[in-house]
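The structure appears right after this line, and notes come after that.
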Amino acid sequence: MSISVRNITKQYGVQKALDNVSLEVKPGEIIGLLGPNGAGKSTLMKILTCFLPATSGNASVCGFDVLDQSIEVRKKVGYLPENNPLYLDLYVKEFLAFIAGTHQLKKDPRKQVAEMIELTGLQDEQHKKIGALSKGYRQRVGLAQALIHNPEVLILDEPTSGLDPNQLLEIRHLIKNIGATKTVMLSTHIMQEVEAICDRAIIIHKGKIVADDSTKNLQHMVTSKAGIRVEFSSPVTGMLLSGIPGVTEVRLYEDSNEQRVSNEKNPVSALWHLTSEPGQDIRANVFKFAVENQLTVLSLQREEQKLEEAFQELTKN
């Protein structure tokens with residue numbers, strides 16, 4: 001196993017940041033570590049990277065114990081902490097050369113620095129001071145320093161925090177490419193990020209693992225109602241739609257934001273979300289309703305539960 005955690009507990013006084021946590025990560029997996037603020041994600045990452053000792057339990061990375069063989073673990077791990085500490089007065093290339101020197105690389109450090117600059121897309125920024133870079137490029141520098149010694153395991157704590165949409169997509173793509181050859185564990189609050197990048201998600205709540213499965217399976221593990229999204233050729237009221245056999249809930253889409261329909265207001269729209277009980281297919285009833293009301297169905301799509309909904313259900317207080 002690339003990462004093995006067995007009954008790890010981390011306690012600060014009477015508060016347990018981690019409570020008897022166990023997990024395993026196979027080589028080549030990309031794992032998303034999810035949880036509310038204070039759930040224990042960063043604590044677990046700091047234990048795996050030898051920054052914090054556990055109160056009890058044990059963990060290993062690539063077969064090396066994080067407490068007794070911390071130097072060997074550090075050789076195998078690349079770590080990008082949430083605050084991404086960098087030397088802002090150094091130039092990008094200068095900084096990466098310094099980091100390469102601290103790892104005492106057997107490979108030519110200059111060649112390795114050049115490869116990391118190319119991998120992380122820093123060619124045009126390499127002669128600039130880090131303090132002059134945007135947040136997105138600073139994240140790239142952080143990734144480059146985490147990868148400079150060619151680690152087998154990459155641990156990233158909130159790697160896309162504070163990025164704009166374009167930067168976010170670029171960093172996601174970069175992490176996905178890196179994950180093709182390395183084991184990656186990343187923490188994030190962005191559900192779409194996990195769905196786009198990760199093979200598997202681990203959800204931590206109040207120091208305990210409440211779910212550990214593929215992102216696809218997690219979307220279905222919480223019992224939910226079935227739903228479809230339908231668009232008609234003309235506006236229709238929620239009251240009319242609620243009369244379709246099998247429909248249990250009606251919601252409209254307005255400015256891309258779902259809003260629950262109240263029986264009092266019954267707003268009118270052409271784009272709707274209709275909910276039914278699990279296992280019940282109401283599509284035929286919707287088409288029949290459209291024919292009876294002289295409406296054309298422009299689009300009709302089944303909607304699966306989103307990972308965000310499963311996360312919210314699993315982390316309720």
Side-chain angles (χ1 to χ4, degrees), residues 30 32 34-36 160 163-166 168-169 172-173 176 188-203 205 210-317:
I30 304 179
L34 303 173
T160 59
L163 302 185
D164 67 37
N166 290 333
L168 190 148
L169 289 173
R172 280 185 193 172
H173 182 69
K176 188 73 174 178
T188 181
H189 290 103
I190 305 172
M191 300 300 115
Q192 297 92 332
E193 193 163 286
V194 175
E195 292 172 330
I197 299 176
C198 300
D199 309 310
R200 174 177 149 212
I202 298 172
I203 300 177
H205 183 47
V210 295
D212 181 356
D213 210 330
S214 69
T215 53
K216 194 71 173 177
N217 288 342
L218 282 177
Q219 290 174 342
H220 299 289
M221 72 178 296
V222 179
T223 301
S224 64
K225 298 176 181 179
I228 63 170
R229 178 175 178 169
V230 58
E231 182 179 7
F232 298 102
S233 57
S234 302
V236 61
T237 66
M239 181 66 76
L240 271 176
L241 291 171
S242 63
I244 298 174
V247 172
T248 58
E249 186 180 322
V250 177
R251 282 179 289 171
L252 68 91
Y253 286 78
E254 184 176 343
D255 296 329
S256 302
N257 293 318
E258 292 184 26
Q259 296 184 0
R260 189 178 301 276
V261 176
S262 67
N263 291 330
E264 294 79 16
K265 294 183 179 179
N266 289 310
V268 176
S269 175
L271 185 57
W272 295 89
H273 182 278
L274 308 180
T275 302
S276 63
E277 294 298 332
Q280 187 172 4
D281 191 343
I282 60 172
R283 289 177 295 176
N285 295 341
V286 171
F287 278 111
K288 184 178 179 181
F289 165 85
V291 171
E292 291 174 349
N293 290 272
Q294 298 182 333
L295 297 167
T296 300
V297 176
L298 299 180
S299 67
L300 190 150
Q301 181 180 1
R302 277 186 168 179
E303 291 193 337
E304 298 179 342
Q305 184 186 36
K306 298 178 181 177
L307 182 60
E308 184 174 0
E309 294 171 347
F311 175 84
Q312 291 172 344
E313 186 69 24
L314 290 164
T315 57
K316 283 182 179 178
N317 291 328

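In what follows, every heavy atom counts, from backbone to side chain, and hydrogens, waters and symmetry copies are set aside.
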Heavy-atom closest contact (Pro36 atom, His205 atom, distance): CG-ND1, 3.8 Å
CD1 on Ile228 to CG on Leu300, rounded to 0.5 Å: 4.5 Å
Approximate separation, where rounding is to 0.5 Å, of Glu193 CD and Leu168 CG: 5.5 Å
Other residues, nucleotides, ligands: >12 heavy atoms within 6.0 Å of Lys288 NZ: no
Whether Asn285 side chain and Pro245 backbone form a donor-acceptor pair below 3.5 Å: yes
Heavy atoms from other residues, nucleotides or ligands near CD of Gln294 exceed 12 (cutoff 6.0 Å): no
Side-chain heavy-atom pair Thr188, Leu34 within 4.5 angstrom cut-off: yes
Shortest non-hydrogen separation from Leu295 to Ser234 and the atoms involved: CD2-CB, 3.8 Å
Nearest heavy-atom neighbours spanning Ile197 and Arg172: CD1-CG, 3.6 Å
pair Phe311-Val194: side-chain heavy atoms closer than 4.5 Å: no
Atom pair CG (Asp164) and CG (Leu169), whose distance is rounded to the nearest 0.5 Å: 9.0 Å
Side chains of Arg229 and Ser299 in contact at under 4.5 Å (non-hydrogen atoms): no
Separation of Ile244 CD1 from Arg283 CZ (nearest 0.5 Å): 14.0 Å
Of Leu298, Asn293, Leu271, Val286, the residue whose pairing with Phe232 passes side-chain contact (heavy atoms from CB on, under 4.5 Å): Val286
Gap between atom CG of Asn217 and atom CZ of Arg200 - 0.5 Å precision: 12.0 Å
Under 3.5 Å donor-acceptor, Thr248 side chain and Thr275 backbone: yes
Closest contact, heavy atoms only, Gly246 versus Gln280: CA-NE2, 3.4 Å
Ile30 backbone acceptor or donor facing Asp199 side chain under 3.5 Å: yes
Distance (rounded to the nearest 0.5 Å) between His273 NE2 and Glu249 CD: 8.0 Å
Minimum side-chain heavy-atom gap Val250-Leu274 below 4.5 Å: yes
Trace of the side-chain contact (heavy atoms from CB on, under 4.5 Å) decision for Val247 with Leu241: CA-CA 8 Å; Val247 172; Leu241 291 171; 5.9 Å; no
